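Below is one structure, written out as structure tokens; comments come after it.
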Amino acid sequence: MVRVITVQDISQLLKKVTLKTFFLKLIDQLNSDYSRWGEFQKSPRHATHVPDGVIELMPISDKEYYSFKYVNGHPNNTRQNKQTVIATGQLALVESGYPVLISEMTVLTAIRTAATSAMVSRYLARKNAKTFGIIGCGAQSEFQVLAHHFALDIQEIYYFDTDPHAMEKFAANLKPYRLKMHPCTDGRSIVEKCDIVTTATAQKGRHKIVETDWVKKGCHLNKIGGDTPGKTELEASLLKKCKIVVELLEQTRVEGEIQQVKNSPVYAEIWELATGQKKGRESETEITLFDSVGFAIEDYSVLRLVHRLAEEHHVGHQLDMIPHTPDPKNLFGVIATSRS
Ligand code: NAD
């Protein structure tokens, strides 16, 4: 039997453990998994580029577990009332190769991306950071805000989207959290005001969602929308001013903001911060950038956490996704009764 987790199951699990607890546990899990970087067999994800987007497979394993995620990125999908990013994933035992968990991962991707952003913000943002700005109020946006609210006690939010409906939805979803909310009319005012800025737009092509001159000293930028070849969010000259942290350099060179500048200097991979081999922020004035594209270890972390919590709280469905037969060589026996 394999535990199967649907979207409804994730919602039920989050109600049981609370979103805040889940985020905080996941940040701990991410930190601990990134700290044992050397124990993982890893590679850049496998990307299939299609006319309107990208479809990716993201595998990784350590000695005990193997995980992979199927995920897409289709920025024009919302025009047809479809989501930009959809994902499903699997966790399996390395010793036998048997799957133990199959899960929805659209919600989990938003949660793990936001948790990773908040974990890196803890290393790179100023300790006294109070204001958080977000450009792009789509599917990822509330998760980004709440991860920073829970992990860094951020209370004041500035937000902008070219789509007024997305801004209304964003404000309505966050109302129960009683944050100080400031709708803005452009990205510039957000970048000029905020201590931490997330860019989460979805458009193909090279864009200047953040321009170099707007960024004040001491700002931490968390860019998540520039995540495939030819799809970027920051003005290229800004990269020279930033201390840059990435997930897996080999993957980010191809997919992240740094694809814009050949051999752009990169300060660290996340694992170097998690192990303490490199310091995070070193002064109040430096500008820091997390050039996030999403890496498989983050999917591994969230699947491990969901697996553990789902067992503990009896969430999910045990389904016969693996044939069970007393004689392992008699696979045919499983279907033998359905002769025609
Ligand atoms: P979405 O389509 O739901 O939302 C994107 C929003 O950006 C939309 O509301 C759109 O109106 C807005 N937008 C577009 N251009 C804009 C502009 N110039 N200024 C302001 N707003 C603008 O997409 P989503 O699921 O929220 O994903 C956002 C981005 O994050 C995508 O590019 C996606 O590929 C990326 N992503 C990255 C990671 C990661 O790990 N780094 C994970 C998930 C998603």
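All ligand and atom numbering here is 1-based and tracks the order in the structure. Computed from a predicted structure; not experimentally measured.
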Flag Ala139 as yes when one of its N or O atoms lies below 3.5 Å from any N or O atom of ligand 1, and as no otherwise.
yes
Val293: numbered ligand 1 atoms lying under 4.0 Å from its heavy atoms:
39 (C), 40 (O), 41 (N)
Nearest-contact summary for atom 2 (O) of ligand 1 - protein heavy atom, Å
Thr84 OG1, 2.6 Å
Pull out every atom of ligand 1 sitting under 4.0 Å from any heavy atom of Phe160, numbered as shown with elements.
19 (N), 20 (C)
Atoms in ligand 1 with a heavy atom of Gly294 nearer than 4.0 Å
39 (C), 40 (O), 41 (N)
Ala166 neighbourhood, listing ligand 1 atoms whose heavy-atom distance to it stays under 4.0 Å
9 (O)
Examine Ile224 against ligand 1 and note whether any of their N/O atoms are separated by less than 3.5 Å.
yes
Could an N or O of ligand 1 be found under 3.5 Å from any N or O of Cys137, whether backbone or side chain?
no
Assess Gln83 for proximity to ligand 1: is some non-hydrogen atom of it under 4.0 Å away?
no
Contacting atoms of ligand 1, where contact means under 4.0 angstrom from a heavy atom of Gly225:
29 (C), 30 (O), 32 (O), 35 (C)
Using a 4.0 Å heavy-atom cut-off, which part of Arg112 comes near ligand 1: side chain, backbone, both, or neither?
side chain
Of the side chain and backbone of Ala202, name the one, both, or neither that has a heavy atom under 4.0 Å from an atom of ligand 1.
both
Does any N or O atom in Thr201 lie less than 3.5 angstrom from one in ligand 1, N or O only?
yes
Among all the protein's non-hydrogen atoms, which is closest to atom 4 (O) of ligand 1, and how far away is it?
Gly138 CA, 3.2 Å
Assess, by modelled atom type and distance only, whether the side chains of Lys69 and Thr109 contain a donor and an acceptor separated by less than 3.5 Å.
yes
Tell me if a side-chain donor or acceptor on Glu142 pairs with a main-chain N or O of Leu146 at a distance below 3.5 Å.
no
Measuring only between side-chain heavy atoms, which start at C-beta, is Leu19 closer than 4.5 Å to Tyr177?
yes
Below 4.0 angstrom from a heavy atom of Asp163, which ligand 1 atoms are there? Numbered from 1 as shown, please.
11 (O)
Arg281-Thr288 side chain donor-acceptor pair, cut-off 3.5 Å
yes
What I want to check is whether the side chains of Asp195 and His220 have a donor and an acceptor closer together than 3.5 Å.
no
Please write down residue, atom name and distance for the protein heavy atom closest to atom 28 (C) of ligand 1.
Ala200 O, 3.3 Å
May I ask you to list the atoms of ligand 1 that are less than 4.0 angstrom from any heavy atom of Thr78?
2 (O)
What protein heavy atom is closest to atom 6 (C) of ligand 1, reported as residue, atom name and distance in Å?
Asp161 OD2, 3.5 Å
When you check the side-chain N and O atoms of Gln203 and Asn76, is any donor under 3.5 Å from an acceptor?
no
Proximity of Trp37 and Phe295 rings by center, below 6.0 Å
yes
Using a heavy-atom cut-off of under 4.0 Å, does the side chain or the backbone of Ile135 touch ligand 1, or both, or neither?
side chain
Among the heavy atoms of Ser292, does any lie under 4.0 Å from an atom of ligand 1?
yes
With nothing but distance in play, are any N or O atoms of Gln203 less than 3.5 Å from an N or O of ligand 1?
yes
Between His46 and Glu56, do the side chains contain a donor N or O and an acceptor N or O under 3.5 Å apart?
no
Can a donor-acceptor pair be found between the side chains of Thr212 and Glu235 at a distance below 3.5 Å?
yes
Tell me whether ligand 1 is touched by Gly73 - counting only heavy atoms on the residue side and a distance under 4.0 Å.
no
Pair Arg206 + Glu233, salt bridge at N-O below 4.0 Å
no
Under 3.5 Å donor-acceptor, Thr6 side chain and Asp9 backbone:
yes
Nearest non-hydrogen protein atom, atom 21 (N) of ligand 1
Thr162 N, 3.5 Å
Does any donor atom in the side chain of Arg308 or Gln29 lie under 3.5 Å from an acceptor atom in the other side chain?
yes
Assess the side chains of Thr116 and Thr113: does a donor N or O sit below 3.5 Å from an acceptor N or O?
no
Determine the interplanar angle of the Phe170 and Tyr159 rings, folded into 0 to 90°, and report it as parallel if under 30°, tilted if 30 to 60°, perpendicular if over 60°.
tilted
Side chain to side chain contact (heavy atoms under 4.5 Å, CB included) for Met58 and Tyr70? Distances and angles first, verdict last.
CA-CA 7 Å; Met58 302 175 68; Tyr70 163 95; over 6 Å; no
Donor-acceptor pair, distance only, cut-off 3.5 Å: does the side chain of Gln259 make one with the backbone of Glu255?
yes
The protein heavy atom nearest to atom 34 (O) of ligand 1 is Asp227 OD2, 2.8 Å
Side chains of Gln144 and Thr198: do they bring a donor and an acceptor to under 3.5 Å?
yes
Could you tell me the residue and atom name of the protein heavy atom closest to atom 24 (P) of ligand 1, and the distance to it rounded to 0.1 Å?
Gln140 CG, 3.5 Å
Of all the non-hydrogen atoms in the protein, which one sits nearest to atom 42 (C) of ligand 1, and at what distance?
Thr113 OG1, 3.2 Å
Of the side chain and backbone of Thr116, name the one, both, or neither that has a heavy atom under 4.0 Å from an atom of ligand 1.
neither
With heavy-atom distances below 4.0 Å as the criterion, list the atoms of ligand 1 near Ile209.
17 (C), 18 (N)
Can a non-hydrogen atom of Lys231 be found less than 4.0 Å from any atom of ligand 1?
yes
